[in-house]
2 protein chains.
Amino acid sequence: MIEKTCQTFVSDCHIRAAAELINHAWDPVVLSALRLGPTRRNALLGRIGGISDKVLTQSLQRLSAGGLVTRLSTGDQIPRRKGAVYQLSSLGESFANGPLAQLAQWAADNQADLVGPSS
Amino acid sequence: MIEKTCQTFVSDCHIRAAAELINHAWDPVVLSALRLGPTRRNALLGRIGGISDKVLTQSLQRLSAGGLVTRLSTGDQIPRRKGAVYQLSSLGESFANGPLAQLAQWAADNQADLVGPSS
DNA sequence: TCGCATTCCTACCAATCGGTAGGAACGGCT
DNA sequence: AGCCGTTCCTACCGATTGGTAGGAATGCGA
């Protein structure tokens with residue numbers, strides 16, 4: 001999908017690559033929440049208000065597969081462990097502290113001018 | 001939806017507001033394409049490869065409703081005019097040249113480390 | 001006046017996303 | 001051993017997204 005669209009509009013085809021990282025509603029929020037440091041799943045559920053159990057799991061899986069988030073199994077690699085901890089990878093950190101932080105900053109600055117669908 | 005989730009994780013709830021602007025796959029691409037200047041609909045269709053007619057229309061409507069894009073009716077306000085031209089509003093320009101450009105830049109810099117779903 | 005390109009809309013359709021509900025595997029505690 | 005909290009999965013559901021196809025309205029040129 002990406003390769004094909006890159007034949008035109010070459011200079012900005014990176015936008016599509018980056019957009020896929022944040023195309024899911026909760027992914028940016030999860031990444032932002034992880035900026036506060038390594039966090040357990042359940043702590044994320046509480047810190048992020050309104051996210052459902054399943055979606056958080058899927059989001060973490062997506063972000064892990066994309067290399068933005070690392071799962072620290074406290075003991076071994078067996079899933080469904082209790083003490084699993086998620087943290088930003090170096091790539092995820094550069095993303096969350098870079099463009100994502102800029103995005104949030106811009107939204108904060110232009111809050112008054114934003115016409116959200118729910119306001 | 002936003003108001004409720006903002007009760008927790010307040011400092012970064014702006015991320016959700018900003019995320020809604022780019023939650024649709026093609027919106028960031030359209031905004032990027034408009035950075036090159038006021039463009040007619042059909043020119044956008046050609047410049048952006050792979051986007052469908054309907055989706056571009058919807059994207060432009062969304063972005064216009066959000067105040068990021070302005071539609072310049074060459075003559076009057078009647079829709080379905082031939083010479084309609086779209087351009088970034090000042091808000092859209094600050095968004096496209098700010099966080100969106102940063103996003104693209106980051107994606108270009110980290111291109112090698114990105115594991116896209118289609119690669 | 002007759003096409004023709006352009007803009008935009010309206011069905012449909014498949015795929016996906018987020019949500020709820022229920023349950024399974026694992027660890028910790030008593 | 002028994003119970004509970006945590007992590008994660010599955011099955012279903014409604015809503016939304018993006019795509020295709022077809023058509024309507026407008027303006028332009030032959």
Side-chain angles (χ1 to χ4, degrees), chain A residues 1-2 4-5 16 19-30 33-34 38-66 69-87 116-118, chain B residues 1-2 4-5 16 19-30 33-34 38-66 69-87 116-118:
Chain A
M1 202 180 281
I2 286 187
K4 206 187 255 180
T5 50
R16 312 190 195 191
E20 290 192 358
L21 296 175
I22 50 178
N23 241 336
H24 296 263
W26 290 103
D27 287 6
V29 186
V30 171
L34 282 175
T39 321
R40 286 184 301 106
R41 226 187 72 102
N42 230 22
L44 278 177
L45 267 180
R47 182 183 298 171
I48 309 174
I51 194 173
S52 80
D53 171 50
K54 192 194 72 170
V55 172
L56 177 59
T57 298
Q58 288 176 336
S59 185
L60 288 171
Q61 287 174 342
R62 219 177 1 250
L63 295 171
S64 297
V69 163
T70 310
R71 189 195 133 109
L72 297 179
S73 312
T74 339
D76 35 59
Q77 77 289 1
I78 300 174
R80 291 172 192 163
R81 284 285 304 259
K82 196 181 179 183
V85 163
Y86 293 90
Q87 71 172 7
S118 45
Chain B
M1 201 180 283
I2 286 188
K4 205 188 255 183
T5 49
R16 312 190 195 191
E20 290 192 357
L21 296 176
I22 50 178
N23 242 336
H24 296 261
W26 290 103
D27 287 7
V29 186
V30 171
L34 283 174
T39 320
R40 286 184 300 106
R41 225 186 73 100
N42 231 23
L44 278 177
L45 268 180
R47 183 183 297 171
I48 308 174
I51 194 174
S52 80
D53 171 51
K54 193 194 71 170
V55 172
L56 176 60
T57 298
Q58 289 177 335
S59 185
L60 288 172
Q61 288 174 341
R62 222 181 353 255
L63 296 171
S64 298
V69 163
T70 310
R71 189 196 133 109
L72 297 180
S73 313
T74 339
D76 34 60
Q77 77 288 2
I78 301 174
R80 290 173 192 163
R81 285 284 306 260
K82 197 183 178 183
V85 164
Y86 293 90
Q87 71 173 7
S118 45

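So you know, we letter chains A, B, ... as the sequences are listed, proteins then strands, and number each from 1.
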With B:R40 via salt bridge (charged side-chain N to carboxylate O under 4.0 Å, His left out) - residues at least two apart: none
For B:R62, enumerate each residue passing the salt bridge (charged side-chain N to carboxylate O under 4.0 Å, His left out) test, keeping only those at least two apart in sequence or located in another chain. B:D27
For [X] and [N], give me the distance from atom [atom1] to atom [atom2], rounded to whole Å.
{"X": "B:L60", "N": "C:dT7", "atom1": "CG", "atom2": "C1'", "value": "11 Å"}
{"X": "A:L56", "N": "D:dC9", "atom1": "CG", "atom2": "P", "value": "12 Å"}
{"X": "B:N42", "N": "D:dC28", "atom1": "CG", "atom2": "C1'", "value": "14 Å"}
{"X": "A:D53", "N": "D:dC9", "atom1": "CG", "atom2": "C1'", "value": "10 Å"}
{"X": "B:I51", "N": "C:dT7", "atom1": "CD1", "atom2": "C1'", "value": "15 Å"}
{"X": "B:E20", "N": "D:dT16", "atom1": "CD", "atom2": "C1'", "value": "14 Å"}
{"X": "A:L45", "N": "D:dT7", "atom1": "CG", "atom2": "C1'", "value": "10 Å"}

Spell out, as yes or no, whether a donor-acceptor pair under 3.5 Å connects the side chain of A:S59 to the backbone of A:V55. no
Tabulated below should be each protein N or O lying under 3.5 Å from an N or O of nucleotides 13-18 of chain C; please produce it.
{"unit_1": "C:dC17", "atom_1": "OP1", "unit_2": "A:H24", "atom_2": "NE2", "d": "3.2"}
{"unit_1": "C:dG18", "atom_1": "OP1", "unit_2": "A:A25", "atom_2": "N", "d": "2.8"}
{"unit_1": "C:dG18", "atom_1": "N7", "unit_2": "A:K54", "atom_2": "NZ", "d": "3.4"}

Please tell me which of the listed nucleotides, D:dC9, C:dT7, D:dT7, lies nearest to the side chain of A:R41?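 It is D:dT7.
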Give the C-alpha distance, both sets of side-chain angles, the deciding distance and a yes or no for side-chain contact (heavy atoms from CB on, under 4.5 Å) between A:L44 and A:L60. CA-CA 10 Å; A:L44 278 177; A:L60 288 171; 4.2 Å; yes
Can you name the residues that form a side chain to side chain donor-acceptor pair (under 3.5 Å) with A:T57, not counting sequence neighbours?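 Partners of A:T57 under the side chain to side chain donor-acceptor pair (under 3.5 Å) test: A:R41.
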Sequence-distant partners of B:N42, side chain to side chain donor-acceptor pair (under 3.5 Å), two or more places apart: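 Per chain and number, B:N42 pairs via side chain to side chain donor-acceptor pair (under 3.5 Å) with no residue.
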